[in-house]
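A quick write-up on the structure given underneath.
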Amino acid sequence: MARSVHRLSTVIATTAETVDLLRAEGQPLSELLRLGRLEPFYVAAARQLPRVLACRDIDADSLTFRRGESTTATVCRARLWLFDAQAGPVVVVFSVDVECAPTVLIPFLEDCYYDHVAVGSFSLERYVAETLEEADVQTVESAGLTALGPQRHQMVFTSATLPEDPIQRIVYRADLDWNPEYSSIRFPAELNRRPASGAAVGAYVCYSPSRTILRTVPFCPRYRLSPRPARSVRFAWLPTMRSCGSVTFPVTVAL
């Protein structure tokens, strides 16, 4: 398959908790991203949904992937989001744009899932802790040093719709044949009703083709975003909910 740019986002629950568990700290997502026609629904439920604590661009050249380094893929961009949710932990979303054939994403999925990623001289866990500290977010002291928890989910957005076989290889993070009769992968009807659309939901990885998003969505221009940046691009929403620890997290292709 031809090389194209794909987006891989890993959602990770941390051990950090903000001081006030009755409300989420940070900025509403609607102030940072253009949600289009879904914005009124987000605003109406903003008190119940995650809020943005921080967003930081990461120099792609500073990233090291244990398995990914052995591939011919090119990491184009990277970004880190920190979210707070009501009565839940601080949640990390680590996103990278990778230019490669779709199945070459598998080593990067493994590295991100098992924290085999370094940002310069920092491990991903330490980088997250430093970012949270620099964001001046008040956390519960008893939680101790911020660590990445085992609760996580990954989302893959490819530049084109894929056949079922490469999809299952991505969702299972294994470049192996499968027996569809015994697979737990689900293909939601409403997300697959258009010929050029498609989505697959696995226990630990979700897949969706997102050509428009990968062309138009820029990474945040700086670490701490202004209250109301210019809304010059369109964002799309993947209407499904995934659980990350005790947090029900709205999955969005804009991350």
Side-chain angles (χ1 to χ4, degrees), residues 7-14 16-58 77-97 128 131-132 134-139 152-155 157 188 190-191 197 199 206 208-255:
R7 180 161 296 175
L8 162 59
S9 294
T10 303
V11 183
I12 310 171
T14 73
E17 294 181 348
T18 52
V19 175
D20 189 352
L21 293 179
L22 297 181
R23 68 182 181 91
E25 302 289 346
Q27 295 175 261
L29 193 63
S30 58
E31 293 186 0
L32 305 177
L33 302 179
R34 182 173 182 175
L35 304 179
R37 290 177 293 179
L38 290 172
E39 182 167 345
F41 300 97
Y42 177 89
V43 172
R47 295 183 61 184
Q48 303 170 13
L49 295 174
R51 297 167 73 95
V52 180
L53 295 174
C55 177
R56 171 181 277 184
D57 283 345
I58 302 175
R77 295 182 294 181
R79 174 174 61 177
L80 184 77
W81 292 83
L82 296 182
F83 290 91
D84 187 29
Q86 186 179 23
V90 173
V91 175
V92 174
V93 179
F94 175 60
S95 292
V96 291
D97 282 3
V128 168
T131 302
L132 186 61
E134 291 179 18
D136 197 25
V137 177
Q138 298 298 314
T139 57
R152 53 192 68 197
H153 193 83
Q154 294 179 297
M155 299 169 285
F157 308 106
E190 281 299 306
L191 298 181
S197 65
C206 286
S208 178
S210 304
R211 295 182 297 275
T212 303
I213 288 301
L214 293 173
R215 275 201 311 269
T216 63
V217 175
F219 278 4
C220 54
R222 54 188 177 183
Y223 163 44
R224 303 197 71 177
L225 295 177
S226 58
R228 175 85 49 181
R231 296 181 170 189
S232 59
V233 295
R234 239 173 239 286
F235 290 80
W237 192 278
L238 178 61
T240 184
M241 305 292 286
R242 299 300 301 174
S243 175
C244 189
S246 59
V247 178
T248 301
F249 205 83
V251 176
T252 170
V253 297
L255 300 177

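All residue numbers refer to positions in the sequence shown, counting from 1.
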Residues passing the side chain to side chain donor-acceptor pair (under 3.5 Å) test with Thr14, sequence neighbours excluded, are none
Charged N to carboxylate O under 4.0 angstrom, Asp57 versus Arg79? no
4.5 Å side-chain heavy-atom contact, Val128 and Phe94: no
Of Met155, Arg152, Gln154, which is the lone residue that meets side-chain contact (heavy atoms from CB on, under 4.5 Å) with Val11? Met155
Quick one: NE2 on His153 to SG on Cys206, what's the gap to the nearest 0.5 Å? 3.0 Å
Determine whether a donor-acceptor pair (N or O, by modelled atom type, separation under 3.5 Å) exists between the side chain of Tyr42 and the backbone of Leu35. no
Show the nearest heavy-atom pair for residues Pro209 and Ala199, with the distance to one decimal. CD-N, 4.5 Å
In terms of heavy-atom contacts, Arg51 and Pro28 come closest through NH2-CD, 3.3 Å
Phe83 pairs by side-chain contact (heavy atoms from CB on, under 4.5 Å) with which of Leu53, Leu29, Val92? Leu29
Main chain of Glu25, side chain of Asp84: is a donor-acceptor contact present, judged purely on distance under 3.5 Å? yes
